[in-house]
Number of protein chains: 2
Amino acid sequence: MTLAQQKPGKTHAECTKAILPVRDALDILSGKWKLPIIISLSFGNKRFSQMAKEIPGITDKMLSKELRDLEINQLVKRTVYDAVPVVVEYSMTPYGKSLERVIDELRDWGVLHRKKVMGKMK
Amino acid sequence: MTLAQQKPGKTHAECTKAILPVRDALDILSGKWKLPIIISLSFGNKRFSQMAKEIPGITDKMLSKELRDLEINQLVKRTVYDAVPVVVEYSMTPYGKSLERVIDELRDWGVLHRKKVMGKMK
DNA sequence: CAGTATCCTGCACGATACTG
DNA sequence: CAGTATCGTGCAGGATACTG
């Protein structure tokens, strides 16, 4: 059911409940680095230091933390290869790739928005 | 062009540019109160104090600030009716309503995610 | 190579009081 | 009614150093 299709007269509890999954999705993408990391991995599997190089400005700490978040949410898979020194590869899970549809939708709207407010971006 | 369809070998500049509109869309929805406000207004035009009552926990300051943000981004229209005391009505613009599609997409994914991590939400 | 550990800072947001 | 003004505060994120 879409927003527009919802009948009026919903209780606050129902409205709050309707917001929860949207919040969840937004939380997954929130923060400064989630998007760059997801996009980077969407182009192919990467190793830690490779991503650290490819994402301008990110610190090891943030990369490590955000990758862990994404792994906990099952969007990213961490694979350790037994070598010396150790090799760790990160990849998007199939589930993580399902986010691309959402990101594409956000981009479509964002492109529209850029055009609309062109020249007076905050 | 979707993420998946992009060819490898893009420059960092190009990647960064591809992220920008997504960031824009995300920024519009970011923060604690944007979503509740947008959802509230999607059910119909509202007056300030009416929204303040309907959105549990929001302060006048935040409601005022977020409504101004949304107005600046042309998602919300503020109409002042000449009465004593003054009456102000907020409504979604047609443009603002175009966000509902994005929100619905976020919700669809969020519902999936809730099922996937059911029982172990952070 | 693939990360932690510590310390620090800015800003989103909250509490409370006040106003045309 | 429809908001500002002022003062706090917690936490996301940054800088830097260190480690198995």
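Order of the sequence lines fixes the chain letters, A, B, ..., with proteins taken first and strands second; residue numbering starts at 1 for each chain.
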query = Once the angle between the rings of H113(A) and Y95(B) is folded into 0 to 90°, is it parallel (under 30°), tilted (30 to 60°) or perpendicular (over 60°)?
reply =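 Geometry flag for Y95(B) against H113(A): parallel rings.
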Between [X] and [N], is there a contact of a side-chain N or O with OP1 or OP2 at under 4.0 Å?
| X | N | answer |
| --- | --- | --- |
| T59(B) | dT16(C) | no |
| R68(A) | dA2(C) | no |
| R47(B) | dG3(D) | no |
| Y90(B) | dG3(D) | yes |

ask   = Across the strands shown, which category fits K61(B) at heavy-atom distances under 4.0 angstrom: base, sugar-phosphate, nothing?
value =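 Base contact.
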query = Hey, which of these two, D60(B) or E66(B), hits DNA chain C nearer its 5' end, going by closest nucleotide?
reply =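 Closer to the 5' end of DNA chain C: E66(B).
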Rounded to whole Å, how long is the line connecting atom [atom1] of [X] with atom [atom2] of [N]?
| X | N | atom1 | atom2 | value |
| --- | --- | --- | --- | --- |
| I55(B) | dA2(D) | CD1 | P | 14 Å |
| Q50(A) | dC1(C) | CD | P | 11 Å |
| E89(B) | dC1(D) | CD | P | 15 Å |
| L63(B) | dG3(D) | CG | C1' | 9 Å |
| L26(B) | dA12(D) | CG | C1' | 16 Å |
| R78(B) | dA2(D) | CZ | P | 10 Å |
| I58(A) | dG13(D) | CD1 | P | 10 Å |
| D69(B) | dC13(C) | CG | C1' | 13 Å |

Between [options], which nucleotide has the shortest distance from any of its atoms to the side chain of [X]?
| X | options | value |
| --- | --- | --- |
| M62(A) | dG3(D), dG14(C), dG13(D) | dG13(D) |
| P85(A) | dG3(D), dC1(C), dG3(C) | dC1(C) |
| S49(A) | dT4(C), dA15(C), dA2(C) | dA2(C) |

task = Inspect the contact between K46(B) and E54(B) and indicate whether a charged nitrogen and a carboxylate oxygen are less than 4.0 angstrom apart.
result =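 Counted as a salt bridge, because a side-chain N and a carboxylate O are separated by less than 4.0 Å.
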key: Carboxylate-amine/guanidinium contact D104(B) R101(B), below 4.0 Å   =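 No, D104(B) and R101(B) are not salt-bridged.
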message = Restricting to non-hydrogen atoms, name the atom on I39(A) and the atom on F43(A) that form the minimum distance, rounded to 0.1 Å.
response =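 In this case the closest contact between I39(A) and F43(A) is O-CD1, 3.2 Å.
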Complementary nucleotide of dG20(D), counting Watson-Crick and G-U pairs under 3.5 Å =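 Across any shown strand, dG20(D) pairs with dC1(C).
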key: Who pairs with dT9(D) - Watson-Crick or G-U, where each distance is under 3.5 Å   =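 Pair assignment: dT9(D) / dA12(C).
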key: Contact nearer the 5' end of DNA chain D, comparing K65(A) with L67(B)   =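 So the residue in question is L67(B).
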task = May I ask you to test the P36(B)-I58(B) pair for a side-chain heavy-atom distance under 4.5 Å?
result =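 A side-chain contact under 4.5 Å is absent here.
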